[in-house]
Amino acid sequence: MMQSLHRFVWRDAARRARKLLDFAETEADGGRDLVRAAELTKDPVLRRLYTVHAADEEKHAALFRGRGAELMRALPISSPAKSRLNWLTPGERGLDDLRVDEKSDASLLAFLHLSEKTAARHFGTYVDALRDDPSTAAVFREILHDETFHMNYTLAQLNRVAPRQRGLYLWRARLGRLWKAYLRIMAAIAGVIGSVLLTAQYFILIPPFAFLAKRAERREPDGWKQPPAERPFNSQY
Amino acid sequence: MKILGVSAHYHDAAAALVIDGMPVAAVQEERLSRRKNDAAFPLAAIEYCLEQSGLEPDDLDAVVFYERPMLKFDRILTCALRAFPRSWRSFPHAMKNSLGEKLWVRGIISSHLGVARRKILFTDHHRSHAAAAFLTAPVRDAAILTADGVGEWAALTVGHGTRGPGKTAINLLREIRFPHSLGMLYSTFTAYLGFQVNEGEYKVMGLASYGRPAMADAVRKLVKRTQDGAFRLDLDYFDFHTSAKRSFSDKFVELFGPPRDPFDPIDLATVDGRRFADCAASVQKVLEDILVDIACALHRETGLPDLCLGGGVALNGVANARILSESGFERIFVPPSPGDAGCALGAALYADRVHFGNPDRDIPDHPYWGPVVDAAALAGLARQDDQPVEELEESALIQTTARDLFEGRIVGWMDGAMELGPRALGHRSILAAPHTAQMRDRLNRDIKHREQFRPFAPVVPVEAADRYFEMPAGGARLARFMSGVFPVRPEWREKLAAITHVDGTARVQALERGMAPRLYALLEAYGRLSGIPILLNTSFNLSGEPIVNRAVEGYLTFRRCGMDVLVAGQTRVTKRVPAK
């Protein structure tokens, strides 16, 4: 069923192009996070590997961007902007929400390993879903190859830097990802509730004040204004 | 007296520390957090400033925030009311955005730093801009013009500043209020042209040179002059005051055509590409005309020879050069950081001189207030990676680097304390030979990964600037911090192809020996080899990243791009093998 869903999401060329361009941004962001990780680590081996990984992410960004732009150019001019349907198939999250500065080498490696594993799984699905678009499927296939390397090196390095606590770090990273997913959902729900309440206030409470504000605006002359007298330094107003 | 200035929450957060009337440290948060245009509360920048001077937060006499948050909220709320019911979509967003963190600045500062609430002060946004421009300039009396997107209510102010043994004063004479804003006008075109607002304005300026101001009359429909010499925006063409998502209206699109998709490259060979270039040229022309006109009136009114320019609009070097040529002012002072980051320093200086009434002091006329690069750290990193490292004597290093540049190598140059502001002025720069278009293309392709239409800037000894560039009287001052765009003399354009823009101009940095002596020596050495003491100078960063700060950031940037040589202090690193 998931396969059919992915096929449906990827079938439309306009949506496909937009999603690829979004992926490009996510990969580029991920690359910057890895550069930051390379800047912060004291371990020269990890520094080198993170640098290579960052370069890969930048390369992926370029591949996605190139293919996305190609698809965009091939679209008819009147082609309407389609929703990415990210709520239906979240697609590439990359390393978003990652706070590199707050992570130890081991916890970062565990996080990266899980992220790469998830990405590899998604990309594998997309390759299958894109049977009708071999060029885009080839892009995913090429990236998938790199993701496999990333998945393997992060696990190997985790074994090196925390040989006895590998499992612990991986479980912590799994729980961290679940916690972040929970926070994302809760923040989205809170956002919706906040918007509904504020919109209700907007239409219930604001109209009389809006009337007064509009009247005051009409009376305001155009052009230069006298600056207000200097206010006390301890005032926020 | 120890005063900390802070700017935050919109774009480009920063902190600056002033002790006994003198700046001792100032840095943008993005340079430390490594998040481009980081607007978060600048905790790392504050920590750096305090560490630099060995202070604890308790030792501070005052912490000054660069604007008044409640007054800003007043503007946001009033604009939502005025736009009722069109603002119904943006209202929840604006309220959530303001009520989250931006409104509670006193509490945030107090809780983060543990300073008493009575020590936390506020100043007006545009007074911070004015102070950053005027109190750092080597001038006693000057007219002041500040322009940006918006502060609290003001979007453009004119005034007059006086410094001296008696009393320091900044008197703002008049202001134009939001939504009538030149910054918002320019940003709207930035968004329309598919660039990121608050980041892509440089691109609009660069693109403008490829177009003709054929749509200037259309732009003038959007921004109308008032009888008193100010201007007003026709809000039917804009949505920035009613929408959080789009800054231009359907009527704007009817007038200028479909907007550019950010993902579409600009191809100047196509009709649309030329239309976008013409749009950029047109808004640039109208912006310049209005600024020149306002500056002329200010000159007539004050009769002063000097003008201090502040606010983000002062980053527009083409407009600055026209103001210098046409307004009647003899000298124009633009600080190295005229935008919001510089407001941290402006707010601290303003509180020192005006609120506390401390005596005026001359501020060192340079932009280098950030962290100092650790050359030993660079050597250590390069050795760990088995890259060739040399520690050279000063003169040998200068000669070797000049030779590198002369032979076409691209050099990352890190020297001493980092600049405050968006421009690399010789302490965190990528340097290259300025002679060929191939070098420009190589930099764009292998290092900066940016649009082909964006120009590179030159750095030249101030004494030689006039030989290569058509510098008007006062031009060298404007070029001190790369704040003016001037024509390259026609006879040199071919030999300076990498830094000559399509319209024959360049954003020149005219370097005084005392400001960056090592770079000056390098220019001299390069001049002896090539016959032209000019180098291409671009910021030391890759696309989408902040300018490098520490040695490790410079080193990793060096490893990740097509740079050939990296110099920090006396350390010179070259590449043995590519990173992978």
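Here is how names work: the chains are called A, B, and so on, in the same order as the sequence lines, proteins then strands, and each is numbered from 1.
Using a 4.5 Å cut-off on side-chain heavy atoms (C-beta onward), Met70(B) and Ser235(A) make no contact. Residues Lys225(A) and Ile176(B) fail the side-chain proximity criterion, which asks for heavy atoms closer than 4.5 Å. By the 4.5 Å heavy-atom criterion applied to side chains, Trp88(B) and Phe203(A) are counted as neighbours. Side-chain contact between Lys214(A) and Leu81(B) is absent, with no heavy-atom pair separated by less than 4.5 Å. Using a 4.5 Å heavy-atom cutoff, the side chains of Glu58(A) and Arg560(B) are in contact. In this structure, Glu553(B) and Arg36(A) have side chains that are in contact, with non-hydrogen atoms separated by less than 4.5 Å. Between Tyr350(B) and Phe233(A) there is a side-chain heavy-atom pair separated by less than 4.5 Å.
Although no hydrogens or angles enter the test, the distance criterion places a donor-acceptor pair under 3.5 Å between the side chain of Arg106(B) and the main chain of Asn234(A).
If you measure heavy-atom distances from Pro265(B) to chain A, the contacts under 4.5 Å come from the side chain alone. Contacts between Ile294(B) and chain A at a heavy-atom distance below 4.5 Å involve the side chain alone, from C-beta outward. Heavy atoms closer than 4.5 Å to chain A are found in the backbone of Leu103(B), but not in its side chain. Contact of Pro228(A) with chain B is made through backbone and side chain together, with heavy-atom distances under 4.5 Å. For Arg35(B), the part sitting under 4.5 Å from any heavy atom of chain A is the side chain, from C-beta outward, and nothing else. Looking at His180(B), there are no atoms closer than 4.5 Å to chain A (heavy atoms on both sides), in backbone or side chain. For chain A, the nearby part of Arg127(B) is the side chain; its heavy atoms alone come within less than 4.5 Å. Within the 4.5 angstrom heavy-atom criterion, no atom of Arg118(B) approaches chain A. Of the atoms belonging to Gln201(A), not a single heavy atom falls under 4.5 Å from chain B.
Taken to the nearest 0.5 Å, the NE2 atom of His93(B) stands 9.0 Å off from the OG atom of Ser195(A). If you take CZ on Arg550(B) and CG on Leu40(A), they are separated by 6.0 Å, rounding to the nearest 0.5 Å. Here the CZ-OH distance, from Arg68(B) to Tyr237(A), works out to 12.0 Å after rounding to the nearest 0.5 Å. The OG1 atom of Thr51(A) sits 7.5 Å away from atom CG of Asp385(B), with the distance rounded to the nearest 0.5 Å.
For the options Ala154(B), Gly159(B), Ala230(B), heavy-atom pairs under 4.5 Å to chain A are most numerous at Ala230(B). Options Pro207(A), Ala54(A), Gly194(A) differ in how many heavy-atom pairs under 4.5 Å they form with chain B, and the most are formed by Pro207(A). The greatest number of non-hydrogen atom pairs below 4.5 Å with chain A, out of Ser33(B), Cys79(B), Ser87(B), Ala351(B), is found for Ser87(B). Of all the listed residues (Asp228(B), Leu556(B), Leu121(B), Thr226(B)), the one sharing the greatest number of non-hydrogen pairs under 4.5 Å with chain A is Asp228(B).
Salt bridge present: Asp124(B) and Arg231(A) bring a charged side-chain N and a carboxylate O closer than 4.0 Å.
For the salt bridge (charged side-chain N to carboxylate O under 4.0 Å, His left out) with Glu220(A), the qualifying choice from Arg82(B), Arg177(B), Arg232(B) is Arg82(B), the only one to do so.
Heavy-atom contacts from other residues, nucleotides or ligands closer than 6.0 Å to NE2 of His449(B) number more than 12. Around atom CZ of Phe209(A), no more than 12 heavy atoms belonging to other residues, nucleotides or ligands sit under 6.0 Å away. For Arg89(B), the CZ atom sits in a loose shell: 12 or fewer heavy atoms of surrounding residues, nucleotides or ligands are nearer than 6.0 Å.
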Checklist entry - Between Gln384(B) and Arg47(A), is a side-chain hydrogen bond (donor to acceptor under 3.5 Å, both in side chains) present by the stated rule, with each step listed? => result CA-CA 10 Å; Gln384(B) 279 179 350; Arg47(A) 189 183 309 119; 2.8 Å; yes

Next on the checklist: Go through it in stages, so that I can follow the logic: the residues are Asp261(B) and Arg18(A), the test is salt bridge (Lys or Arg N to Asp or Glu O under 4.0 Å), and I'd like the CA-CA distance, side-chain angles, deciding distance and then a yes or no.
Outcome noted: CA-CA 11 Å; Asp261(B) 189 307; Arg18(A) 289 278 165 194; 2.6 Å; yes

Item to check | Derivation of the side-chain contact (heavy atoms from CB on, under 4.5 Å) call for Ile206(A) and Phe91(B) | outcome: CA-CA 11 Å; Ile206(A) 280 198; Phe91(B) 178 78; 3.4 Å; yes

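Nearest approach of Ala38(A) to Val552(B), heavy atoms of both residues: O-CG2, 4.5 Å. Between Arg32(A) and Gly544(B), the closest heavy-atom pair is CD-O, 3.5 Å. Contact detail for Pro69(B) and Gln236(A): the closest heavy-atom pair is CG-OE1, 3.5 Å.
Between Tyr202(A) and Phe84(B), the ring centre distance stays below 6.0 Å.
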